[in-house]
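First up is the structure itself, then whatever we jot down about it.
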Amino acid sequence: MSGYDLHTHTVMSDGTTTVEDNVAAALELGLEGLAITDHDTTAGHQRALEAARGTALEVIPGTELSAELDGASVHVLGYWPDPGNDGLQTEMDRLRNERARRAEAIVERLHALDVPVELERVRHVAGDAPIGRPHIAGAVVDAGAADSVQEVFDRWLHDGGPAYVPKYAVDPVRAVELITAAGGVAVLAHPGLYADGGAGVPEEVVRDMAAAGLAGIEADHPDHDPPARSRYREMAGRLQLVVTAGSDFHGTRKDNRLGEATTAREQVEALRARRP
Ligand code: AMP
Ligand code: ZN
Ligand code: FE
Ligand code: FE
């Protein structure tokens, strides 16, 4: 299999595999490259680069910043940001700290809905990672209140759901600015999932992000339907942005398989050429 999987998570955020596991899986598949894009952190970079040293696999150190627009999530992938950049780290620290407070608020909402779940269990599931909804959903399954993480999302935790609490997030344009100021390349993640798979991220927002230095759009995401893929492919053409693909692998917390969506080398080189 050729190409680069430009979107994978690990236990550094809400995945269930280690960075070494992702590198081993990518080598096993014969991928050309792999990006580690944990939410709001660059913590896995050094280990990922070390795990791939001496192999043919190119590891691209990345992150996925939590931005928000009108109360709905907009995720911005960042490739090759300098992990020592103050502006980026300060903002990511804040994003992670606010997640801990929000987890408490979500657990309170679940209790009010008579859904049994222990905050201690949630913290245990998350381990050292910043707490995300998938960790909370896992703890609800552990408490026996649902059969799967997906069921917990469908019943209570989806965007705007009965136990949903928005998290502190940055503005999408600011996310692009933070990544580019840190020497990274920003790509809009899964725009078709915006507003719970409804309208998708509007073109005027993508245009503002492009003006701030956005380099690409992840048009080929496993959760995009064919119309969303074409719509964002065409938008990328109009705005002169690179079209990318990635699996959004989360280990056992999501059905997506590592390597199921890949970006060809030419597109990766086009992204690399846009490093500030
Ligand atoms: P958080 O960053 O805590 O808001 O959690 C976001 C993560 O939750 C995403 O990366 C997805 O993995 C997962 N997620 C969000 N919405 C859904 C949904 N409707 N169904 C399943 N997983 C979801
Ligand atoms: Zn995630
Ligand atoms: Fe995402
Ligand atoms: Fe992701």
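Counting starts at 1 for both ligands and their atoms, in listed order. Being a predicted model, the structure only gives us computed values, none of them experimental.
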Is there an N/O/S atom in [X] at a distance below 2.8 Å from the Fe ion (ligand 3)?
X     : result
His39 : no
Glu64 : yes
His75 : yes

Item to complete: Assess whether side chain to side chain contact (heavy atoms under 4.5 Å, CB included) is satisfied between Leu214 and Leu241, documenting all intermediate values.
Response: CA-CA 8 Å; Leu214 185 74; Leu241 299 171; 3.9 Å; yes

Answer yes or no: is there an ion pair linking [X] with [Y], defined by an N-O contact shorter than 4.0 Å?
X      : Y      : answer
Asp40  : Arg96  : no
Arg233 : Asp220 : yes
Asp159 : Arg133 : yes
Lys167 : Glu98  : no
Glu104 : Arg101 : no
Glu120 : Arg123 : yes

Worksheet item: Under 2.8 Å from the Zn ion (ligand 2), is there an N/O/S atom belonging to His9?
Response: no

Worksheet, complete the sentence: Nearest heavy-atom contact between Leu178 and Glu91 is CD1-CG, 3.5 Å

Worksheet item: Between Arg231 and Val201, what is the shortest heavy-atom contact and its length?
Response: NH2-O, 4.0 Å

Discussion item. Any nitrogen or oxygen of His158 lying under 3.5 Å from a nitrogen or oxygen in ligand 1? Just yes or no.
Written reply: no

Worksheet item: Do any N/O atoms on His75 end up under 3.5 angstrom from N/O atoms on ligand 1?
Response: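 Checking ligand 1 against His75, no N or O pair falls under 3.5 Å apart.
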
Item to complete: May I ask you to test the Leu258-Asn22 pair for a side-chain heavy-atom distance under 4.5 Å?
Response: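 They are in side-chain contact.
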
Discussion item. Under 4.0 Å, heavy-atom basis, I'd like to know which part of His9 is in contact with ligand 1: side chain, backbone, both or neither.
Written reply: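 Neither; no heavy atom under 4.0 Å.
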
Worksheet item: Between atom CD1 of Ile106 and atom NE2 of His135, what is the distance when rounded to the nearest 0.5 Å?
Response: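 Answer for the CD1-NE2 pair, Ile106 versus His135, is 12.0 Å.
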
Of all the atoms in ligand 1, which lie at a distance below 4.0 Å from a heavy atom belonging to [X]?
X      : result
Gly132 : 3 (O)
Lys167 : 1 (P), 2 (O), 4 (O)
His39  : 10 (O)
Arg102 : 1 (P), 3 (O), 4 (O)

Worksheet item: Out of the N/O/S atoms in His190, what is the name of the one closest to the Fe ion (ligand 3)?
Response: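 When I compare the N, O and S atoms of His190, NE2 is nearest to the Fe ion (ligand 3).
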
Fill in: Identified side-chain contact (heavy atoms from CB on, under 4.5 Å) counterpart of Tyr194 within the set Val205, Leu188, Asp70
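Testing Tyr194 for a side-chain contact (heavy atoms from CB on, under 4.5 Å) against Val205, Leu188, Asp70 leaves exactly one candidate, Asp70.
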
What protein heavy atom is closest to [atom], reported as residue, atom name and distance in Å?
atom                    : result
atom 6 (C) of ligand 1  : Arg133 NH2, 3.8 Å
atom 14 (N) of ligand 1 : Phe153 CE2, 3.3 Å
atom 2 (O) of ligand 1  : Arg99 NH2, 2.9 Å
atom 12 (O) of ligand 1 : His250 NE2, 3.6 Å
atom 21 (C) of ligand 1 : Gln150 OE1, 3.3 Å

Fill in: Within-shell test, Glu64 vs ligand 1, heavy atom, strictly < 4.0 Å
no

Item to complete: Would you please determine whether Ser66 falls within less than 4.0 Å of ligand 1 on a heavy-atom basis?
Response: no

Worksheet item: Nearest to the Zn ion (ligand 2), which N, O or S atom of His250 do we find?
Response: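 Result for His250 and the Zn ion (ligand 2): NE2.
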
Item to complete: Would you verify that at least one protein heavy atom lies under 4.0 Å from atom 9 (C) of ligand 1, or report that none does?
Response: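 When distances to the protein are checked, atom 9 (C) of ligand 1 has no heavy atom within 4.0 Å.
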
Item to complete: Dump the intermediate steps for side-chain hydrogen bond (donor to acceptor under 3.5 Å, both in side chains) on His190 and Asp223, then the final yes or no.
Response: CA-CA 8 Å; His190 49 67; Asp223 301 337; over 6 Å; no

Worksheet item: Given atoms NE2 of His39 and OD2 of Asp14, what angle do they subtend at the Zn ion (ligand 2), to the nearest 10 degrees?
Response: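 Value returned, to the nearest 10°, is 100°.
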
